[in-house]
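So you know, we letter chains A, B, ... as the sequences are listed, proteins then strands, and number each from 1.
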Number of protein chains: 2
Amino acid sequence: MKTKNTNTNRPATLTDVARLAGVVPMTASRAINDSGYVSSEVRKRVSEAVKKLHYRPNMLARQLKSSRLNAIGILLPDIANPFSTELVNGVRQVFDEAGYTCFIATTSGKLEHEKASLQAFADHRVDGLIVATRGTKLGDEVLRDISRRGIPFATIGRPIKLRGVDCVTANHWQGAFDAVSHLIEIGHREIGFIGISPEDRLSLRRYLGYAAALEQAGLEVRPEHTVGPREAPAFATQEDGFAGMTALAQLRRRPTAVFARNDFTAIGAMRAAHMLGMRVPEDMAIAGFDNIPLAAFTTPPLTTVEQPITAQGAIAARMLLDRMTAEKPGAAKSISMECKLIVRGSTLIGG
Amino acid sequence: MKTKNTNTNRPATLTDVARLAGVVPMTASRAINDSGYVSSEVRKRVSEAVKKLHYRPNMLARQLKSSRLNAIGILLPDIANPFSTELVNGVRQVFDEAGYTCFIATTSGKLEHEKASLQAFADHRVDGLIVATRGTKLGDEVLRDISRRGIPFATIGRPIKLRGVDCVTANHWQGAFDAVSHLIEIGHREIGFIGISPEDRLSLRRYLGYAAALEQAGLEVRPEHTVGPREAPAFATQEDGFAGMTALAQLRRRPTAVFARNDFTAIGAMRAAHMLGMRVPEDMAIAGFDNIPLAAFTTPPLTTVEQPITAQGAIAARMLLDRMTAEKPGAAKSISMECKLIVRGSTLIGG
DNA sequence: CTGTTAGCGCATTCAG
DNA sequence: CTGAATGCGCTAACAG
């Protein structure tokens, strides 16, 4: 039996609009999407009907026909990080203009979340994906799956070897190298690294840059000078920084400077240094990574490494868009961007 | 290397699965969704076919039938504040369990973005919406539109009077009142407020709590003691805090304590105080709001007000879910949650 | 310029 | 227990 459409809650459909405008649905569709020829007379009637009924196209039905959702997904580790916001801005610069919506999902650092979110995006048939979580074995597997499903994606900060997948990343190695070289230049000979466990250290580009800088200066890389969380190598927080500095301070051969894996870790380390009665930078120089907005406002302000985040987002977006619209697959591109050392008072007296 | 390029293949459909399993699509659907009776024999064949073809249901087609996307949208302001993550965690606690996916969009503080994101969610027919942006006139209008479209939603931290819309918020007024009362208790008589322009102050609950605490103690609320950004009353950053403290320091009648609108602002103010040669808390006590993770790691650690963020997210989610599944509309609920003062070294010597 | 036809992938409804 | 028909809302691809 015919259900009465008296339910005001039911959104208006194209058919409703067409009926009110006295045309057939297809014509209304053409008028609304500016495709094909429609008389200005009809166009006007349709647009009036649209307004009157508060009509909005059902993107899902549209996608079902065209297999284009006009939306992409962005997978982030979390959104607390200033990093994430800037990244999204960069991505949106490109996709807003191209008429795509950007949906975001976060993993909260949980691998199951990463898998679930990626699946959800794929199940909802997004047209493309930007992945900015940290590389893990399980994560890579899921991405391989996604790739098999034919969904184009690009990664940021997590290089992955997969056919037809573009990657953009900052040169974390170089950034770390520069920061540690700076510490060496101003006279430090014993420099610690805070933010990762000795076991996991080799998987971290920031660590490798640190080690390389020491070696190039002819300094020894001491295992006991590397401290950090073992449970969750994907992150390092202010708490880890605090614990790390506390541990380093107990060493017989205590470093005079530390390079922290990121600014949060550096700030935690700085707090510990203060509590242990060390002066920063006189007794302990500290450098971080990322240049979060608060880095310039700590006491003393934090020396750190800045990476071009918005640019990375924009470039990844552009590559993804190209791949989404391209006819031919094209070779995978991999782009690396320079980081910039920013020297402040946490390493330089009077800085 | 078995590099079979399945990329050109379109994703498997239910029909593909059914064909491989030797049944009709409907039967496969029943087997996959555990609905209706299916012989274990068929069930097994189907599940094998699913695995073999990497089949995943097309949520869009499913929704087209059922009018349920099984997903909700979360709209966040884009300021890189740590509570975004916690909020999302709270919301997900509820919706993950209920089998919904959570998609996030951010506004970048731009009102057009807010409108566009809300429209995008609605156009993609999400089943519900959590809105956590700051209240604005235009934003309210868009929300009224969304509400008319029949999409249930709940707001966090932005009360709105709309039929059938639930709101949850922290009691910012009380939090501010408690923080300022604490400053008064430890002896301060001249207390500034940093974070909003005098023109906009009355729209900010945190300001009103500040003023109320002063009045209750019989202290005068001096207009010149309120400083903050005028251009963008929706936000206040570390830069605003720095500028605000600098301005207050030049007053003839300089405050001995300040209450900052949020922790970022407080940290900026603290930096300015240090640079101006004031000791914190001896010469200048500083309190913030939000208890961001870094607040415990500043020098000195920051006295601040903590709001139950995860809980707010979970409660809003629960109310939304109830509304989404309820038969009858039900009256709109409005919930307010207490905030907790956390006293640290930025107000208490030796704290 | 406009109408007709046909399906996108899935699940509800009714027959076997 | 399984199959067949039907339509969700929309739009290519053809007719007029």
Side-chain angles (χ1 to χ4, degrees), chain A residues 1-3 5 7 9-47 49-50 53-71 122-127 149-150, chain B residues 9-46 49-50 53-71 122-127 149-150:
Chain A
M1 76 185 151
K2 192 102 175 169
T3 48
N5 283 342
N7 188 351
N9 270 4
R10 195 186 65 82
T13 73
L14 188 60
T15 312
D16 299 331
V17 171
R19 192 163 34 220
L20 184 61
V23 292
V24 86
M26 190 59 235
T27 306
S29 169
R30 277 194 275 253
I32 287 166
N33 297 314
D34 259 351
S35 61
Y37 300 94
V38 183
S39 70
S40 61
E41 161 62 20
V42 165
R43 190 183 301 276
K44 212 183 102 198
R45 288 217 310 275
V46 168
S47 86
V50 164
L53 297 174
H54 293 108
Y55 171 77
R56 296 235 93 209
N58 184 332
M59 302 304 271
L60 304 172
R62 179 178 287 179
Q63 189 275 351
L64 197 54
K65 274 297 309 172
S66 65
S67 50
R68 290 188 57 243
L69 183 60
N70 257 289
D123 290 351
H124 287 94
R125 301 295 195 270
V126 291
D127 300 312
R149 287 228 242 153
Chain B
N9 290 4
R10 54 172 186 56
T13 73
L14 188 60
T15 313
D16 299 330
V17 172
R19 193 164 32 221
L20 184 62
V23 290
V24 86
M26 192 56 237
T27 307
S29 169
R30 279 194 273 254
I32 287 166
N33 297 315
D34 259 353
S35 63
Y37 299 94
V38 182
S39 70
S40 62
E41 160 64 18
V42 167
R43 189 182 304 276
K44 212 183 103 198
R45 287 217 311 274
V46 169
V50 164
L53 297 175
H54 294 108
Y55 170 77
R56 298 235 94 210
N58 184 332
M59 303 304 270
L60 304 174
R62 179 177 285 180
Q63 189 275 350
L64 197 55
K65 277 301 303 174
S66 67
S67 300
R68 291 187 56 245
L69 183 60
N70 256 291
D123 291 350
H124 289 281
R125 301 295 194 268
V126 291
D127 299 312
R149 286 228 244 158

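- B:Pro25 comes within 4.0 angstrom of no nucleic acid atom, judged by non-hydrogen atoms across all strands.
- Contact check, A:Thr27 against C:dC1: no side-chain N or O comes under 4.0 Å of OP1 or OP2.
- Taking side-chain N and O atoms only, B:Asn33 has a distance below 4.0 Å to OP1 or OP2 of C:dA11.
- For A:Ser29, taking side-chain heavy atoms from C-beta onward, the closest of the listed nucleotides D:dT11, D:dC10, C:dT2 is D:dT11.
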(request) Kindly determine whether B:Asp123 and B:Arg149 satisfy salt bridge (Lys or Arg N to Asp or Glu O under 4.0 Å), including the steps that lead there. (result) CA-CA 10 Å; B:Asp123 291 350; B:Arg149 286 228 244 158; 3.1 Å; yes
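- Checking side-chain atoms of A:Asn33 against main-chain N and O of A:Arg30 turns up no donor-acceptor pair under 3.5 Å.
- Across all strands, A:Val24 comes closer than 4.0 Å to base atoms (heavy-atom distances).
- The nucleotide whose nearest atom lies closest to any side-chain atom of B:Val23 is, among C:dG9, D:dT11, D:dG3, D:dG3.
- Between B:Tyr55 and the phosphate of C:dC10, there is a side-chain N or O to OP1/OP2 separation shorter than 4.0 Å.
- For A:Arg30 and C:dG3, a side-chain-to-base donor-acceptor distance below 3.5 Å is present, hydrogens and geometry of angles not being considered.
- Contact annotation: side chain of B:Lys65 to base of C:dG9, donor-acceptor pair absent below 3.5 Å.
- Listed pair A:Thr15 / D:dG9 fails the phosphate criterion, with no side-chain N or O lying under 4.0 Å from OP1 or OP2.
- Between B:Thr27 and B:Val42 there is a side-chain heavy-atom pair separated by less than 4.5 Å.
- The two residues B:Met59 and B:Leu69 make their nearest non-hydrogen contact at CE-O, 4.4 Å.
- Relative to the side chain of B:Met26, the nucleotides C:dC1, C:dG9, C:dA11 differ in distance, and C:dA11 lies closest.
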